[in-house]
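Here is the structure we will look at, set down as structure tokens.
Naming: A, B, ... by sequence-line order, numbering from 1 per chain.
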2 protein chains.
Amino acid sequence: MYKAGLFSLILHAIASPSKSNNVFEAFRKYIREKSNVTEEDLVQIEAVCQYKKLRKRQYLLQEGDVWKYNAFIVKGCLRTYTVDDKGNEHILNFATENWWTGDRESLQTGNPSAYNIDALEDAEIILITKTNFDQLCNDIPAFNDMVNAILQRSFIASQSRIHTFLSLSAEEKYQAFLQKYPQLVMRVPQGMIASYLGVTPETLSRVRKQSSKGHRPS
Amino acid sequence: MYKAGLFSLILHAIASPSKSNNVFEAFRKYIREKSNVTEEDLVQIEAVCQYKKLRKRQYLLQEGDVWKYNAFIVKGCLRTYTVDDKGNEHILNFATENWWTGDRESLQTGNPSAYNIDALEDAEIILITKTNFDQLCNDIPAFNDMVNAILQRSFIASQSRIHTFLSLSAEEKYQAFLQKYPQLVMRVPQGMIASYLGVTPETLSRVRKQSSKGHRPS
DNA sequence: GACCATACTTGATCCAAATCAATTCCGATC
DNA sequence: GATCGGAATTGATTTGGATCAAGTATGGTC
């Protein structure tokens, strides 16, 4: 245990540890695919990247803390959620490999976050502070464009999720989720999917039973 | 009637008609407040603006059409909504003075829109085609920054609305709406607010009755 | 391989909100 | 100022999903 802690300290201290090379390679690949940055730009980007490991159940952000980064997920699965008075969790989103996460609102305003973010699986993450990130956006137009394209897509997705709440039943929301995020269904506990859809675990369980009856009655 | 049509044709034909001067002045004011564009930039921006009037109930966009603009509202109130199989309307958002509207998804993908946008009151709108708009973003960094800031805020707001659906009751959603958009409550028919909140008009009516009992029992 | 904690299922009951069905209340139009 | 049509209210009833309460896997740990 103590050894592991020491090792990760070393990882942080040295510039390009062997382990995180793979990590950055995944990040580089992502950026190359999504934008037209040059190799020199990539060097500048990597220079401000921090590497972070999370074990399952560990927090990336806790309610009440101010969020100061942009977080890119290299490996693993995280969730953003709140806990209400009655202790119920409400999941705002999941994020897996090649997605970004964090609390844009807290980042923007500097106010304490209303959200928790934790790891559903062991995870590896790249963090860039807001200051550095803004600098990158200023210095590298292609990076800026990429960031805006991502934001645009996020917004469109969230509009579509709102529409889901306005117009679909529990069953329909689940079917839509299956369509949209088939990989997540395998990775995420069912109760959390229920929470994401805004229904109880019991309801989702029944919905699944029902719809399995419909298809292929064996 | 015919006269009015002729007049608006003339409005379109000439460069800076007296009437739309006021319109552009409102737009200029907005941009000056929200960004650091120069007066020359403003000239470039205005050069690509189209002016459009809508009467109450008129459509800005109909389901199935491809949306090609960014629309700034100078005056009036519009809504974006869908109609489901049973004929129920689901309102995704309202937009009033100094807001932008349109369908980002259709604009982005070039696919036919799933949404309708129409005017709840007579409205005056400035339209900029996607092509021109992208050009402005390229040419004028301050304009680009403004646009991204707006998108950022829209995303944050829509996250917060999602949270609303996950965690609040009908009554709580209405109270939150009152807090967030007090002006809209006066302008928008109650049934449409119900639709925006994802409840029936009957439920909203009862919710209001209940909560009025609670406060100041006369 | 026994044990425990956590997730999932299943059943019974309850409740918030939907639906169905009249009124009543306006604001626009003649 | 009478009339008409859409909006809001109100009431009665139904219902989808929540809640409460056991069971039943299932995966992780010793």
Side-chain angles (χ1 to χ4, degrees), chain A residues 1 55-58 76-77 79 81-91 94 118-122 164-178 184-214, chain B residues 1 55-58 77 79 81 83-91 94 118-122 164-178 184-214:
Chain A
M1 268 313 182
R55 266 166 303 150
K56 189 172 171 172
R57 280 270 115 197
Q58 270 189 321
C77 182
R79 87 230 241 236
Y81 66 101
T82 62
V83 183
D84 68 21
D85 319 326
K86 278 169 273 166
N88 295 318
E89 293 176 355
H90 303 287
I91 297 186
F94 299 110
D118 68 9
L120 302 182
E121 311 164 353
D122 294 353
T164 261
F165 284 112
L166 289 174
S167 59
L168 302 186
S169 68
E171 152 121 55
E172 291 167 328
K173 281 188 282 184
Y174 180 63
Q175 293 301 336
F177 184 84
L178 282 183
L184 275 184
V185 179
M186 338 256 221
R187 279 175 91 164
V188 173
Q190 199 172 301
M192 291 194 187
I193 293 173
S195 169
Y196 177 89
L197 298 176
V199 303
T200 59
E202 293 95 328
T203 293
L204 182 56
S205 174
R206 284 184 250 263
V207 155
R208 293 184 71 228
K209 195 183 177 185
Q210 277 305 88
S211 50
S212 71
K213 253 198 281 179
Chain B
M1 267 314 181
R55 264 166 304 148
K56 189 172 172 172
R57 282 270 116 197
Q58 270 189 321
C77 182
R79 87 230 242 233
Y81 67 101
V83 182
D84 69 20
D85 320 326
K86 279 170 273 167
N88 294 321
E89 293 176 354
H90 304 287
I91 297 186
F94 300 110
D118 68 7
L120 303 182
E121 310 164 353
D122 293 353
T164 261
F165 284 112
L166 290 173
S167 59
L168 302 186
S169 67
E171 152 121 55
E172 291 167 329
K173 282 187 282 182
Y174 180 63
Q175 292 301 335
F177 184 84
L178 281 183
L184 275 184
V185 179
M186 337 255 222
R187 280 175 90 164
V188 174
Q190 201 171 300
M192 291 195 186
I193 294 174
S195 168
Y196 177 89
L197 298 176
V199 303
T200 60
E202 292 95 328
T203 293
L204 184 55
S205 173
R206 284 184 250 265
V207 154
R208 293 182 71 226
K209 196 185 178 184
Q210 277 304 88
S211 51
S212 71
K213 253 199 277 177

Measuring to OP1 and OP2 of [N], would you say a side-chain N or O of [X] lies under 4.0 angstrom away?
X      : N      : answer
A:T203 : D:dG17 : no
A:T200 : D:dA18 : yes
A:R208 : C:dT9  : yes
B:K209 : D:dT9  : no

Taking the side chain of [X] as its heavy atoms from C-beta onward, which of [options] lies nearest to it?
X      : options               : value
B:Q190 : D:dG17, D:dA8, C:dT9  : D:dA8
A:P189 : D:dT9, C:dA7, C:dT9   : C:dA7
B:A170 : D:dT9, C:dA17, D:dA18 : C:dA17

Under 3.5 Å, is there an N or O donor on one side and an acceptor on the other linking the side chain of B:R206 and the base of D:dG11?
->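 For B:R206, whose side chain was compared with the base of D:dG11, there is a donor-acceptor pair (under 3.5 Å).
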Check the distance between [N]'s [atom2] and [X]'s [atom1] and give it to me in whole angstrom.
X      : N      : atom1 : atom2 : answer
A:K173 : D:dG16 : NZ    : P     : 14 Å
B:K56  : D:dG5  : NZ    : C1'   : 13 Å
A:E89  : D:dA18 : CD    : C1'   : 17 Å
B:E202 : D:dT13 : CD    : C1'   : 13 Å
B:N88  : C:dC20 : CG    : P     : 10 Å
A:L204 : C:dT9  : CG    : C1'   : 12 Å
A:L166 : C:dA18 : CG    : C1'   : 15 Å
B:I193 : D:dT9  : CD1   : P     : 11 Å

Kindly give the heavy-atom pair with the smallest separation between A:A119 and A:R55, and that separation in Å.
->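 Heavy atoms only, the tightest pair is CB-O, 3.7 Å.
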Supply the atom-to-atom distance [X] [atom1] to [Y] [atom2], rounded to the nearest 0.5 angstrom.
X      : Y      : atom1 : atom2 : answer
B:Q175 : B:R208 : CD    : CZ    : 10.5 Å
A:E89  : A:D118 : CD    : CG    : 7.5 Å
B:F94  : B:R187 : CZ    : CZ    : 11.5 Å

Would a distance-only check, ignoring hydrogens and angles, find a side-chain to backbone donor-acceptor pair under 3.5 Å from B:D122 to B:K56?
->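 Checked: pair present.
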Nearest-nucleotide 5' precedence on DNA chain D, A:K86 against B:V188 | B:V188
